[in-house]
Amino acid sequence: MPLDTKSPARPVNLSRRGFLASGAALVLATALPLRPARGQQGEAPAVQTLLELRPDGTALLRSPFVEGGQGIFTAMVQIVAEELDLAPEAFTVEIAAPGAGAALTGGSASTRSSYDRMRQLGASARAMLMQAAANDWGVAVSELSTEPGAVLHDGSGRRAGYGELAAAAMDLEVPATVALRDPATFRWIGSPVPRIDVRDKSIGRAKYAIDAEVEGMLLAAVQHAPRLGLTPSGIVNRAEVEAMRGVHSVHLLDGAVAVVAERFWQARRAVEAAEVTWAEGTAEWPMPADFSSAGFRDALAGDTGEPVEVEARGDVAAALDAADTVIEAVYDAPFLVHGQMEPPSTIARFNDDGTLDLWLPNQSPAQFRAAAAEAAGIDPSQVRINSQTLGGFFGRHFLYRTANPFPQAIALARATGRPVKLIWTREEDFLRDAPRPLGVARFRGVVGPDGPVALEAVTIGEGPTQRWYGAPAGADVSAHEGISGKSYDIANTFVGQVPHANPAVVGYWRSVGHSMHDFMYEGFLDELAVSGGLDPYEMRLAMLAGNERLRTLLTRVGELSGGWRPGPFDAGDGTTRARGVAMASPFGSEVATIAEVSLDRGRVRVHDIWTAIDPGRIVNPAVIEAQVQSATALGVSQTLLEELVYENGEPTARNFDRYPFLAMYDMPEVHVAIIESGAEMGGVGEPGLPAVAPAIVNAVARLTGIRVRSLPLSRHDFG
Amino acid sequence: MQLTVNGTAREVDVEPDTPLLWVIREELGLTGTKYACGVAACGACTVLVDGQPTRSCVTPAEGLEGAEIRTIEAVEETEIGRRVVEAWVEHQVPQCGYCQSGQVLAATALLSGTPNPTDAEIETAMSNLCRCGTYNRIRAAIHGAAEA
Ligand code: FES
Ligand code: FES
């Protein structure tokens, strides 16, 4: 239904008497103005959120954002609850109805993009309930007030619950303007309201796409070609496979074979038994048969092409020329899989009226809808995307043409005339994931007695935003963010990107370019500090002169860690430890991190991570703390352990057994300080990650004298 | 064959080598037990077999006749299981939640044998992976459930 685009902040009253039957009375909708998502060019679509008030006084919020553990449902409830004046416990949240248009969940943007509109939504509903009471009681609205869940008239002592008023409120106009609460009186915004989904997730009751079921569905499994660009030419033992128990049918798809069966286990066993012959096919990004990650790293490092300018200040060339000593370094970081615990899946069902329903994990329903329509050869209006709770995402469930199962599920549903649920095994997920790109950056710098005076940084490669949205080199921030966008005051700087196509299919990974570029930049900054005989913490403080927000942040993380203490020092438990510091400015938030490490039989052990985060404004400090802890875990994981290696055009790991990631015994203590500076609201889901790797690597250098310029640390021997 | 799941005898007709995970999910419709790796590397599929935490993705159904199989759906039927779930809520452990069925059952098994585990005992017993990194809360919740 069309929303008022002229004054988009004003919610629309969708109440119909018919809604009452479904238990809803007052129904308000608001369009959330999404800033263009990372990568998306131009206007991002507005998306719809519904607030339904029930006669029993409870409320249902239909969220356009998908919950995947980041606490977004809880945060949205807090915001609406605050303005509506209804306790958060009275709310339930569901993912917005399919096809109603839904948002893109990513870029740590959900809360920040919707904050003002959600307040407006709650405040409008409250105003309408008060108006309904005023009409009923024959008093002026100005004489009324509310307490959580009820309207009060002080003069007469009358009181009516929201549930009793909802039906009368549905016939009222949405007020053109409403007053918002004074933030000084917030009760729920800014407080650690418990997450609403935690209990269900502790007793196995939460449902994910992989758990969804529709009547009459068949189950499917696929075996992909070992490399993109190959396609099946036949199945040597086809008759044998078709005769296996439970098998319904066997299909040759573009780049894969599929078996459809009564049960997933039967489909999987059959498809793995298939002896497929592969031939050259066509693919947009064929994987070269001789591709290796090691070779690609060398190719990037050796690419001396002309960089596209991203940032420039002063005269770097002159400063480098004039210097007695120029510090140079090349940094790299590997391909990484997303490794979300829930394997990708899709249920596709063609309905009798020609429409298509899909149940699948996704971070951007509108994009999936358009792509699914294309795959099915029908109009997007005929496609319903039933978004499901995500069993982790970290960037895995964006639209990546070769990495999503839905086109195969659609083809199989069409071919069999039945609803089909396709699950990719973990092995197929590893093979077709769109990994975090391997990245390389070259640095040259000059340091003076007071700090760096020149810094030249060039990234070489291709970011996911260039791959998926055609962003040109330089303008694709995913290819340099974390090296660009730094706040340090250096008189002569140049940041550039040498475009270099990546033969692998690359994607967004938690904190995107920041996940590696801050490691590179902040590591090199410490190299300059060491060369100049400067303390890395004091040097950073000095480089932030005049930037009170960041000086406060850095000072805070120093305090949080008990005072800056680089070491090495004797920890009193037989270990010798050292600390490192790093900063990052990801997704509108600011972060400073200190790490403490020791060596355990040649292996790095991370004991503590202290992080101060300033997201500008805060909705739920408990959610922020949990997100920082989670992002820290992934940051430690990629620093210590993670690396997707390609040899002969194929990943050498196909499952978690050969792709180690962080387990409990490697998890450090995580200490979080949250600063609410009042700046524009930034993200909280990803910003905890980028400063972790450089803080650890800087601590390791302090402890061992070994400067690591290539992740992960498990590749290095600290003897 | 006949399997005893959550106290009820269930007749299932599957190939004998079908992993218990898929019997539970597909034949019995209990989807709280999760598939994540299928190679015993992560623990998302953990169930209790005669009280022992067991990675059901690599455990063939044959040979389990007569065993007591307990899944997450029945975790609150024991005193220790109830305490673990309460501690999980209290410490706000889950994020995406996908690994948590396995974590809760592994913790329940740990506390059944070791009522007051040390950090080292927790680390040894809790080899289940969590991509959301909820490890510190898991440890705290286990201590909380132990004291309760
Ligand atoms: S799914 Fe069984 S251990 Fe991972
Ligand atoms: S809570 Fe997401 S994998 Fe553990």
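Predicted model only: the values in this text are computed from it and were never measured. A note on names: the letters A, B, ... follow the listed sequences, proteins ahead of strands, and every chain is numbered from 1.
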Let me know if [X] has heavy atoms under 4.5 Å from chain B in its side chain, its backbone, both or neither.
{"X": "T425(A)", "answer": "both"}
{"X": "L634(A)", "answer": "side chain"}
{"X": "A206(A)", "answer": "backbone"}
{"X": "V636(A)", "answer": "neither"}
{"X": "R205(A)", "answer": "neither"}
{"X": "E427(A)", "answer": "side chain"}
{"X": "D211(A)", "answer": "both"}
{"X": "P660(A)", "answer": "neither"}

Below 4.0 angstrom, N of the basic side chain to O of the carboxylate: do [X] and [Y] qualify?
{"X": "E15(B)", "Y": "R245(A)", "value": "yes"}
{"X": "E272(A)", "Y": "R268(A)", "value": "yes"}
{"X": "E262(A)", "Y": "K421(A)", "value": "no"}
{"X": "R654(A)", "Y": "E428(A)", "value": "yes"}

task = Look at the rings of F264(A) and Y35(B) and say which category their plane angle falls in: under 30° parallel, 30 to 60° tilted, over 60° perpendicular.
result =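 It falls in the tilted class, 30° to 60°.
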Pairs of heavy atoms under 4.5 Å with chain A: top-ranked of [options]:
{"options": "P19(B), C42(B), C96(B)", "value": "C96(B)"}
{"options": "V14(B), T33(B), T71(B), N128(B)", "value": "V14(B)"}
{"options": "L21(B), V39(B), V75(B)", "value": "V39(B)"}
{"options": "S101(B), A44(B), A41(B), P94(B)", "value": "P94(B)"}

message = Is E76(B) close to chain A through its backbone or its side chain, or both, or neither, when contacts mean heavy atoms under 4.5 Å?
response =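 Side chain only.
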Taking 4.5 Å as the heavy-atom cut-off, does anything in [range] contact chain A, and if so which residues?
{"range": "residues 130-140 of chain B", "value": "C130(B), R131(B), C132(B), G133(B), Y135(B), N136(B), R137(B), I138(B), R139(B)"}
{"range": "residues 102-125 of chain B", "value": "V104(B), I122(B), E123(B)"}
{"range": "residues 22-32 of chain B", "value": "W22(B), R25(B), E26(B), E27(B), T31(B), G32(B)"}

What I'd like to find out is whether the side chain of [X] reaches to under 4.5 Å of the side chain of [Y], using heavy atoms alone.
{"X": "Q388(A)", "Y": "P361(A)", "result": "no"}
{"X": "M1(B)", "Y": "V12(B)", "result": "yes"}
{"X": "L640(A)", "Y": "V606(A)", "result": "yes"}
{"X": "W610(A)", "Y": "H671(A)", "result": "yes"}
{"X": "L689(A)", "Y": "T632(A)", "result": "no"}
{"X": "F394(A)", "Y": "W509(A)", "result": "no"}
{"X": "L129(B)", "Y": "M664(A)", "result": "no"}

[X]-[Y] side chain donor-acceptor pair, cut-off 3.5 Å:
{"X": "R70(B)", "Y": "T54(B)", "value": "no"}
{"X": "T78(B)", "Y": "R83(B)", "value": "no"}
{"X": "Q627(A)", "Y": "Q95(B)", "value": "yes"}
{"X": "H338(A)", "Y": "D433(A)", "value": "yes"}

Is the side chain of [X] donor-acceptor paired with the backbone N or O of [Y] at a distance under 3.5 Å, no angle test?
{"X": "N620(A)", "Y": "V193(A)", "answer": "yes"}
{"X": "S202(A)", "Y": "V198(A)", "answer": "yes"}
{"X": "R195(A)", "Y": "V89(B)", "answer": "no"}

message = Does anything in residues 656-665 of chain A form a side-chain hydrogen bond (donor to acceptor under 3.5 Å, both in side chains)? List the pairs, not counting sequence neighbours.
response =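 Sorted pair list: E642(A)-Y659(A).
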ask   = What heavy-atom pair brings Y208(A) and Y98(B) nearest, and what distance separates the two atoms?
value =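 Here Y208(A) and Y98(B) meet closest at OH-N, 3.4 Å.
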Max heavy-atom pair count under 4.5 Å with chain B, selected residue of [options]:
{"options": "G392(A), A626(A), G246(A)", "value": "A626(A)"}
{"options": "M341(A), E669(A), M667(A)", "value": "M341(A)"}
{"options": "R263(A), R426(A), Q629(A)", "value": "R263(A)"}

